[in-house]
S.K.: 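I am attaching a structure below and will ask some questions about it afterwards.
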Amino acid sequence: MQKTFLVEIGTEELPPKSLRLLAETFAKNFENELKKNSLKYKEVIWYASPRRLAIKVINLALYQTNYEIKIRGPSIRKSFDCITGKYTKTAKRWAQDCGITLDQSERLITDKGEWLFYRAMTKGKETKKLLNTIVNKAINNFPFQKMMRWGNNKIEFIRPVHTVIMLLGQDVVKGEVFGIKSRRVVHGHRFMGKYLISLDSAKRYPSILYECGKVIADYKERKKLIKDKIQEMAEKLGGFAKYTDHLLEEVTALVEWPVILSAKFEKKFLLLPKEVLVHIMTSIQKYFPVFNQFGDLITDFIFVANIESLEPKTIILGNEKVIRSRLADAEYLFMRDREKKLEKNFILLKTVLFQKHLGTLLDKTNRLVVLSVSIAKKIDANINYVHRASLLSKCDLMSHMVFEFSELQGVMGMHYALLDGEIEDIALAIKEQYQPRFSGDSLPSTKVSISVALADKIDMLVGILGVNKHPKGDKDPFALRRIALGIFRIIVESSYDLDLLRLTQEATELYGRKLINKDVVNDVVKFILGRCIVWYKEQGYSVDVIQSVLACFPTKPKDFDARLKAVAYFRTLSIAKRLIVMNKRVSKILQKTNETLNTHVITSFLKAPEEIILAARVCILQDRLLLLLSEYKYQDVLMELVSLNEMIDNFFDNVMVMDNDKLVRINRLTLLNHLRSLFLQVGDISLLQ
């Protein structure tokens, strides 16, 4: 027999940015508990709104599946007295703990010995008696640290809990969650519909909330409704809405009964930089800006209300008043900043600490100038432009606008630089120095921008790791992981032949004696290469392929990328398996030997025809591969090495590597070492699975 189960936890307003994660975690935890308790079900569906988290389980079995208990006891040697043959205290204690008599035990015989053993079939418990415990375990196991208490309770949760409903079919499941007894009453919308709703059956959720309570409890349905209505509204306004999924998610989490409305702001505010207007509307007000067919921002914007009003104009006017105030403040800050040129802020950088061990923002800027110019020379960027962009790169941090809206750093610097008459590439570099700002963000678009962006990121990594402020667990206050991946991506996707080791050394030298981590250069390079594992995994590369390249520690991202693609291709070849096995064999032989190997293979010590042929071929390839390696043609290198396959097989079939003659043995080990070195110029093939 099966029934639908429902649990809803009614709360005060839940944090919107994490509402979806809360609901999905609740559902995942609940499913895990159902599986642990051997309860069968068809489907688990989650619901979430600002004031509720809910789960509905379709076709939940009314009893646990019967299961077999298996308990292994002490060994036979410890279970019987060797003199009397009677059960020992150890055996009796085990039986007592199991709730059985020793006559009910069996003997388990394995290759490793013989033990007392107990097995029994246990009838599954009634589901209804387990559900309250399951709910409590599922909702208490949340990965959130910021909890709160309410009233006189010692219980903690993300927000105060007011109602709990647990229904199995039509029956109330007795129990408590956060000290609140389960009932069959749910709350509707605060200001519309019926506030107290009695639910007669779990199947009627969430439709009864929609019909009587003016609440759309289905998060995904609510999100789709908002998205569709926004698009409809934007088309009516003669444009299109441009926004992120993050904004859509947050707005979905803020409302229970979405009503889509539009309003306007004054045309004069369009004179402000577009990014300022968009930031205020989306990040602060949670509005949806509208653009015309040319991609220009228009004065209309869309917002989502949480109530159906008889006087929607009142709500619209209220939002227009709020946005007017916000934009007027921004206009004032903008005009204050325009009273002087951007470069005038340069001297003020000495008043702001970059990091207490690393000096001021002025110190950082002076380092950026040197490092970015060095990078510019390597990638053939305009040195004068790079020098100027570096000098101005942090000046907008001293502006009134960025002080108020820190997310606009770089963006405001670009606009102020353009208004000051700076060259476009210089202004653009001030903005793009921070890119990529997040996963999937675009990279710096010009050589000038790339020079400044790389210098800024490498300086940050070297400085923070240089004072031993490494990220720990999920804590990364300086976003070093994102910065490291940004460095790697910029170099790889721009295809520049830059060496992380050399760049890090240059950045380290610019810090002088400020760094306390003596191994900072190695730490930074390892940190950057370590971040690329995640990136390449997302692109579909297997971990063993990535590790095979990492083992060779190539410090040029372009080189690393070329090796990785070559090894990934090589692994698809039918001949690859034999060469992988051979590399594993050679690697093990060389690891086990304690012999001091020769620098070169000595021809006069080569005895067998097979080793003579192999040695000659290895010698030829050592010279032939030099040009291919210098051009990063690693796929061609591996194809050349494939030609060794038959020679290697013949060598191992007919030649005894560990010969009794020490000189011959060392010579053969040297040959294998040279052979392995050929492959290591691409990757450690022995690590492939």
Side-chain angles (χ1 to χ4, degrees), residues 6 8-11 13-24 26-27 43-56 58 186-195 197 199 203-264 278 281-291 300-316 318-319 323:
L6 168 73
E8 186 203 79
I9 312 297
T11 68
E13 272 70 11
L14 293 160
K17 291 183 179 180
S18 54
L19 180 63
R20 184 180 189 124
L21 179 60
L22 283 167
E24 290 177 336
F26 188 20
E43 184 183 9
V44 172
I45 305 170
W46 61 267
Y47 302 93
S49 80
R51 298 188 302 120
R52 71 198 74 237
L53 294 172
I55 290 172
K56 187 157 75 173
I58 309 300
V186 293
H187 285 173
H189 197 284
R190 284 190 190 274
F191 309 110
M192 299 187 302
K194 194 175 180 182
Y195 185 60
I197 302 169
L199 193 58
K203 287 185 177 180
R204 292 201 64 194
Y205 191 94
S207 59
I208 194 169
L209 272 175
Y210 183 89
E211 295 161 6
C212 303
K214 292 290 185 178
V215 171
I216 302 175
D218 190 321
Y219 184 95
K220 296 174 184 176
E221 179 187 336
R222 203 163 66 248
K223 180 180 176 181
K224 185 179 185 305
L225 174 68
I226 294 171
K227 185 177 181 179
D228 292 344
K229 292 293 184 182
I230 285 173
Q231 191 56 42
E232 285 180 23
M233 180 67 75
E235 289 175 2
K236 287 181 182 178
L237 296 171
F240 65 92
K242 190 176 180 181
Y243 53 89
T244 63
D245 188 64
H246 177 77
L247 174 61
L248 183 60
E249 288 272 341
E250 191 171 352
V251 171
T252 302
L254 284 167
V255 297
E256 292 189 316
W257 189 261
V259 177
I260 315 302
L261 299 170
S262 69
K264 285 177 174 287
V278 171
M281 282 191 280
T282 58
S283 298
I284 299 175
Q285 294 303 124
K286 314 305 174 188
Y287 295 160
F288 296 83
V290 181
F291 297 79
D300 296 278
F301 63 91
I302 299 168
F303 66 96
V304 182
N306 190 33
I307 189 171
E308 282 183 357
S309 174
L310 296 175
E311 295 289 339
K313 287 185 178 180
T314 303
I315 298 177
I316 293 169
N319 280 271
I323 195 66

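In what follows, residues are counted from 1 in the order of the sequence shown. The structure presented is a predicted model; accordingly, all values stated were derived computationally and were not measured.
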S.K.: Would you name the heavy atoms of Ile230 and Ala241 that are closest together and state the gap between them?
M.R.: CG2-CB, 3.6 Å
S.K.: Can you confirm whether Leu248 sits close enough to Ile226 that some side-chain heavy atom of one is under 4.5 Å from a side-chain heavy atom of the other?
M.R.: yes
S.K.: Look at Lys214 together with Glu256 and state whether they make a salt bridge at an N to O cut-off of under 4.0 Å.
M.R.: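 No salt bridge links Lys214 with Glu256.
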S.K.: Do the side chain of Arg52 and the main chain of Tyr47 share a donor and acceptor less than 3.5 angstrom apart?
M.R.: no
S.K.: With a 6.0 Å cut-off (strictly less than), is the heavy-atom count around OH of Tyr195, excluding the residue itself, greater than 12?
M.R.: yes
S.K.: Give, for atom CZ of Arg51 and atom CD1 of Ile9, the distance between the pair rounded to the nearest 0.5 Å.
M.R.: 14.5 Å
S.K.: Could you tell me whether Arg190 and Glu13 make a salt bridge, using a distance below 4.0 angstrom between a side-chain N and a carboxylate O?
M.R.: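 Answer for the salt bridge query: yes.
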S.K.: Below 4.5 Å, heavy atoms only, C-beta onward: do Val304 and Tyr287 meet side chain to side chain?
M.R.: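 Side chain of Val304 against side chain of Tyr287, heavy atoms only: no contact under 4.5 Å found.
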S.K.: Give the minimum heavy-atom separation between Pro312 and Leu261, together with the two atoms involved.
M.R.: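 Closest approach of Pro312 to Leu261, heavy atoms only: CB-CD2, 4.4 Å.
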S.K.: What distance separates Leu21 CG from Glu249 CD, expressed to the nearest 0.5 Å?
M.R.: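 So the gap between those two atoms works out to 10.5 Å.
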S.K.: For the residue pair Ile315 and Asn319, what are the closest heavy atoms and their distance?
M.R.: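 Looking at all heavy atoms of both residues, the closest pair is O-ND2, 2.8 Å.
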S.K.: Can you name the closest pair of heavy atoms from Ala305 and Val255 and give their distance?
M.R.: O-CG1, 4.0 Å
S.K.: Looking at side-chain heavy atoms only, is the closest gap between Thr11 and Leu53 below 4.5 Å?
M.R.: no
S.K.: Are any side-chain N or O atoms of Lys56 and backbone N or O atoms of Tyr205, one a donor and one an acceptor, separated by less than 3.5 Å?
M.R.: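 Checked: pair present.
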S.K.: With a 4.5 Å heavy-atom cut-off, do Ser49 and Arg222 have their side chains touching?
M.R.: yes
S.K.: Would one find more than 12 heavy atoms of other residues, nucleotides or ligands at under 6.0 Å from atom NZ of Lys286?
M.R.: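 Atom NZ in Lys286 is crowded, with more than 12 foreign heavy atoms closer than 6.0 Å.
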S.K.: Taking all heavy atoms of Ala217 and all of Leu209, pick out the closest pair and write down the distance.
M.R.: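 Distance-wise, the nearest heavy atoms are CB-CD1, 4.0 Å.
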S.K.: Would you say the side chain of Lys223 lies within less than 4.5 Å of the side chain of Arg20, judging by non-hydrogen atoms?
M.R.: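 A side-chain contact exists here, since the closest heavy-atom pair is under 4.5 Å.
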S.K.: What closest approach, in Å, do Pro258 and Ile216 show between heavy atoms, and which atom pair accounts for it?
M.R.: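 That closest heavy-atom pairing would be CD-CD1, 4.0 Å.
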S.K.: Rounded to the nearest 0.5 Å, how far does CG of Asp218 lie from NZ of Lys224?
M.R.: 11.5 Å
S.K.: Taking side chain as C-beta onward, heavy atoms only, is Lys227 less than 4.5 Å from Tyr243?
M.R.: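 Yes, at least one pair of side-chain atoms sits under 4.5 Å.
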S.K.: Any sub-3.5 Å donor-acceptor pair from Asp300's side-chain atoms to Leu237's backbone N or O?
M.R.: no
S.K.: Report the distance from atom CD1 of Ile260 to atom CD1 of Ile302, rounding to the nearest 0.5 Å.
M.R.: 8.0 Å
S.K.: Centres of the Trp257 and Phe191 rings: under 6.0 Å?
M.R.: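 For Trp257 and Phe191, the ring centres are not under 6.0 Å apart.
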S.K.: Looking at NE2 of His246 and OG1 of Thr282, how far apart are the two atoms once the value is rounded to the nearest 0.5 Å?
M.R.: 9.5 Å
S.K.: Would you call Glu211 and Arg204 a salt bridge, using N to O less than 4.0 angstrom?
M.R.: yes
S.K.: Within the distance-only criterion (no hydrogens, no angle test), does the side chain of His189 pair as donor or acceptor with the backbone N or O of Asn306 below 3.5 angstrom?
M.R.: yes
S.K.: Let me confirm one number: the CG-CD1 distance from Leu6 to Ile58, rounded to the nearest 0.5 Å.
M.R.: 9.5 Å
S.K.: What do the steps show when you test Ile197 against His187 for side-chain contact (heavy atoms from CB on, under 4.5 Å), and what is the final call?
M.R.: CA-CA 6 Å; Ile197 302 169; His187 285 173; over 6 Å; no
S.K.: Just say parallel, tilted or perpendicular for the rings of Tyr219 and Trp46, cut-offs at 30° and 60°.
M.R.: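 Tilted.
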S.K.: Quick check against the 3.5 Å criterion: does Thr244 have a side-chain atom that pairs as donor or acceptor with the backbone of Leu247?
M.R.: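 Yes.
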